[in-house]
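Fair warning: this is a prediction, and the values are worked out from it, not measured in the lab. The sequence lines fix the lettering, A, B, ..., with proteins before strands; numbering per chain opens at 1.
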Amino acid sequence: MAINVMQDTVISPKLSKSFRRNFIERIIEFGLLISAAFAVFITTAIVYVLVSEAIPFFEYVSVYEFLTDTVWTPNYSIKRYGILALISGTLTTTFIALLVAVPLGTITAIYLSEFASHKVRETIKPILELLVGVPTVVFGYFALMLVTPFLQTIYPDLTTFNMLGPGIVMGIMIVPYIASVSEDAMRAVPMSMREGAYAMGATRFQTAIRVIAPAATSGIVASYILAISRAVGETMIVAIAAGQQPTFTFNPVDSAATITAYIVSVALGDLEHGGIGYQSIFAAGLTLLVMTLVLNILGHWVRKKYTERY
Amino acid sequence: MVATQRKTTQKKRFNDVVKAESRNLDFYYADGTQALKNVNLDVYENKITALIGPSGCGKSTFLRSFNRMHDLYTGNRYDGQIVLHPDNTNILDKKVDPIEVRMRISMVFQKPNPFPKSIYENVAYGLRVRGEANTHVLDEKVEEALKGASLWEEVKDRLHDLAFNLSGGQQQRLCIARALATEPEIMLFDEPTSALDPIATVNIEELMSELKKKLSILIVTHNMQQAARISDYCAYMYLGELVEHDLTDKIFTNPSKKETEDYITGKFG
Amino acid sequence: MAENNAKQLKDLDQIRALIQKHKKNDFIFAFIGMFIIASLTITLLILFLDLFFDGYPRLGLEFFSNYPSRKAIQAGILSAWIGSSLVLIVTFLVAVPMGIAAGVYLEEYAKKNWLSDLIEINVSNLAGVPSIIYGLLALGLFVYSFGLGQSILTAGLTLALLMLPVVIVATRESIRAIPVHIREAAFAVGATKWQVVLNHVIPYSYGGILTGVIIGMARAIGETAPVITIGALTFIAFLPPSPIGTEAPFLNFDWLQSGFTVLPIQMFNWISRPQYEFHVNAAATGAVIIVLTALMNGFAIKLRYDVRKKIKW
């Protein structure tokens, strides 16, 4: 057909690309990219700073000794740096927190997702969000001034600084995290599954426990992992109420320092830049970063599995 | 010069002036599927050309090539040309700025999509993008466009109300006013009435017949009655290919291809 | 026949009994759920009320206008609340533009490639890094490498790093809610990408972004660990130089280099004292922080609710 006859087309100056406008657009895009890439810079900087400050520390203390010794006495004449003394405190408080937060958080999530009416849910979720917003220093005050004295009425031998009180308060603090992530996971379970269960005559409770919770397992597990990560990195509650004396113990009624509490206690004193004390907080920080990083990656991986399923 | 030359070399099929033509147009989506295969189609000045065909036949893809909407998503690829007259520009050329193309060829979408701004700002936006800042000029052009979209009488007292407060039909006419304000040469309509009730549909159809006095219209429609009612030319597409393109009367009374006839009589599609 | 009927009826009775039993489980669980939530709420309410009652004797105007002092009764939070305000100004000015820019880039510009994947991973990872690690970063980088010292600028930047992921996530979420056809409508009349972003994307996601910003700021007010880690002083009886000068250009930036304290550190400092009178001060400071953060969070939650209700595309 004649239409197919190809003609050379022309480009009017009006239609050709505006150099100036394209240039400005490119500059803006580049500026936005830099802002976004800043996140990569921060991560790199974190790793770089922690590693570069920790390296001289590990020239002084061998990695083997650091990881296996159970005594942490940076202020004594015989200085020993066994991170296990700090890790024991971190793990004990985290464990207590989980004992509180996992059952409370899971039940709250199941209740909100499967039992509560729309209205109830809309009232409770903002309360949980407000709870997330409470600064940890205030929680620390509660642990020291209210929870520990209360525990002392039951168990009079409890010392002022102990891991039980802050552990419990930390657990309360973490409940909303578990509740909200688990609830999201359960709400993501398709309605058809619920209908299937109800159609067979199951009650709400049976549906929730036998169908919904198993289907949302990976999301619920992810919420636990994120909760552990929170607890491990939590600082002020333990720094205020668990004591700042590094001790290798798993006994909740003992006073002990966590990794985070040690960093705070050193930072509060006079820091000699470049000294072994200064470097030791970076070695401790590096340990903490590795722990939370492993947990976060694990949590991310588990969570991704469930989003892929539906 | 070039344009006149062209007219002499090309056999004229109809007695109307060609406003734009696609030449050997192929289109590939980012995933590699070919949505248009060698489409050659003329759009005539001051006429309505309707594109019909079953869903997925490529008619919307073809329409969206005319204002380079596909450029918004990476990986899409055009082959061939769409030539705009009288200046004989291939608007698919890499050197042509898609933004300039969109300033000459405007579009009305399937679902009314006003911005969450005032009625006035919706219409004025295209002008503002062009750098028009003079309030008097803006006022004048907004009024003109709203009149052109036969919406002025209904909204003149509440120009600064949020556009979302209008009814569906009014919103779509507002979108037409928005597209009209910049005085485009061609207006593209992508199933403009599929989300509207029958009365609003009639309003829009009447409006289109009015609009073609000023510009050329290319419309995609699912509704064959609509194509028959309003268009001057009609093109039937199937599986990314142009099956038949002719005067609407001819297509609906005496199509030359069997496939077209099957589609129009409802045996298929 | 009659026997059969009787058997069916007996079965029916059994089923009904079973259902009754199961329904009891439903009821018990619902009760436990409500009980847990209620007791959690009530416990917290008691804790807060206790904080207010403990701190009440100190909560007067003087508390806000006095410097910290060796005498608990005369001590106030003047330097702390001014310090917090100045630090937050820096945090806001850094985190908000950068966070919005990063969010806009990731949603509107980023193409699917290794770079955008890398950025994605980093943003989600940063949100999970404990805040004290940011403190160590700031100590090594801002305080010593950049030589910014233990200043308001350092603290502001540190908290900005913490706030950045919050703003980015909020920006992205609210941008994602804007339907594609609104963008296409703007492009169709000839807008450039940046015009689409500036005239449409950012204005329409404004509510969601603001929510994220307020929540992030509320968190920054209460952050203690990273600010302690950079070595903020706990006893400050002076104010930073005023940001507003008496001579042109009426702005001076000396305050950025000043030493400072913030509200949560002041509270921590008072908790750490053995004397009871200082604990009263700590409670009063805690009450101030709680009211501030609760007001901000409450406002943000309400704002988000309103935004969700208002915009129906």
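By the 6.0 Å contact criterion, NE2 on A/H300 is open, its count of non-hydrogen atoms from other residues, nucleotides or ligands being 12 or less. For C/F27, the CZ atom is loosely surrounded, since the number of other residues' heavy atoms within 6.0 Å does not exceed 12.
Contacts of C/A218 with chain A are absent, with no heavy-atom separation under 4.5 Å from either backbone or side chain. Heavy atoms of C/D26 lying under 4.5 Å from chain A belong to its backbone as well as its side chain. Contacts between C/S124 and chain A at a heavy-atom distance below 4.5 Å involve the side chain alone, from C-beta outward. Heavy atoms closer than 4.5 Å to chain C are found in the side chain of A/S229, but not in its backbone. Both the backbone and the side chain of C/L47 come within contact range of chain A, each with at least one heavy atom under 4.5 Å from a heavy atom of that chain. Of the two parts of C/T293, only the side chain, counted from C-beta on, holds a non-hydrogen atom closer than 4.5 Å to a non-hydrogen atom of chain A. Of the atoms belonging to C/L44, it is side-chain heavy atoms, and not backbone ones, that fall under 4.5 Å from chain A. Using a 4.5 Å cut-off between heavy atoms, A/I107 touches chain C through backbone and side chain atoms alike. Residue contact with chain A, scored on non-hydrogen atoms closer than 4.5 Å, involves the backbone and the side chain of C/V129 alike. When heavy atoms are compared at a cutoff of 4.5 Å, C/I301 approaches chain A solely by way of its side chain, counted from C-beta outward. Neither the backbone nor the side chain of C/M296 comes within less than 4.5 Å of any heavy atom of chain A.
Between A/T260 and C/I132, the closest heavy-atom pair is O-CD1, 3.6 Å.
Here C/L51 is the residue among C/L115, C/L51, C/I100, C/L106 with the most heavy-atom pairs under 4.5 Å with chain A. Interface check for chain C: of the options A/I28, A/I127, A/L130, the most heavy-atom pairs under 4.5 Å are formed by A/I28. With chain C as the partner, the residue from A/V264, A/L33, A/T235, A/T292 showing the most heavy-atom pairs under 4.5 Å is A/L33.
Across C/L292, C/T224, C/I221, C/I290, a single residue satisfies side-chain contact (heavy atoms from CB on, under 4.5 Å) together with A/P135, and that is C/I290.
Residues of residues 280-288 of chain C lying within less than 4.5 angstrom of chain A, judged on heavy atoms, are C/A282, C/A283, C/G286 in numerical order.
Taking the six-membered ring where the residue is Trp, C/F29 and A/F115 present tilted rings, their angle falling between 30° and 60°.
Taking the six-membered ring for Trp, A/F30 and C/Y105 have ring centres at least 6.0 Å apart.
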